[in-house]
Amino acid sequence: QVQLVESGGGLVQAGGSLRLSCAASGRTFSSYIMGWFRQAPGKEREFVAAIRWIGSATYYADSVKGRFTISRDNAKNTLYLQMNSLKAEDTAVYYCAATRKVVVSTTPTDFGSWGQGTQVTVSS
């Protein structure tokens, strides 16, 4: 089991930027796909971005493509989400997640490990 702890959320004005971090511990991560999801009030949890720990392949939801960048620092076992040009509709609790599935999935139920979430609020 891998433990995940997010940080970096907060309140920002529309057009601003935030960087989320996710510290991972407990297992080796070479076989894990890591992802970011978000959940707004009254809505289902949705895929934001994913990355493999080995290699450079990244995947994004259409709604964040070109504005968000997912990256990782293997030496620090840390996952990041750089969020630029933020919009009010990006307001949500953001979760870091991990899966040992071979194929990248955008389905929350395919991810077995989750962090506690960090709130991102974008004021318009």
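The structure displayed is predicted, hence computed values, not measured ones. As a basis for the values below, the full set of heavy atoms in this structure was taken, side chains included, without hydrogen atoms, waters or symmetry mates.
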Between [X] and [Y], which heavy-atom pair has the shortest distance, and what is it?
X: L79; Y: S71; answer: CD1-O, 3.3 Å
X: V2; Y: A24; answer: CG2-CB, 4.2 Å
X: V102; Y: I33; answer: O-CD1, 3.6 Å
X: T118; Y: G9; answer: OG1-N, 3.2 Å
X: S17; Y: S85; answer: OG-N, 4.4 Å
X: L18; Y: L86; answer: N-CD1, 3.9 Å

Using side-chain heavy atoms (C-beta onward) and a distance below 4.5 Å, is [X] in contact with [Y]?
X: Y32; Y: R72; value: no
X: Q119; Y: T91; value: yes
X: Y95; Y: L20; value: no
X: R52; Y: Y59; value: yes
X: R38; Y: E46; value: yes
X: W36; Y: F68; value: no
X: Y60; Y: T69; value: yes

Is the backbone of [Y] close enough, under 3.5 Å, to the side chain of [X] for a donor and an acceptor to pair up by distance?
X: S105; Y: T107; result: yes
X: S113; Y: A98; result: no
X: E6; Y: Q116; result: yes

Taking 4.0 angstrom as the limit, do K87 and D90 come out as a salt bridge?
no

Do the ring centers of F111 and F37 come within less than 6.0 Å of each other?
yes

Atom pair OG1 (T78) and CE (M34), whose distance is rounded to the nearest 0.5 Å
9.5 Å

More than 12 heavy atoms from other groups under 6.0 Å of CD on E44
no

Taking atom NZ of K43 as the centre, report whether more than 12 heavy atoms of other residues, nucleotides or ligands fall under 6.0 Å from it.
no

Test of understanding: clusters of I, L, V, M, F, W, Y form through side-chain heavy atoms closer than 4.5 Å, transitively. Do V104 and Y80 belong to the same one?
no

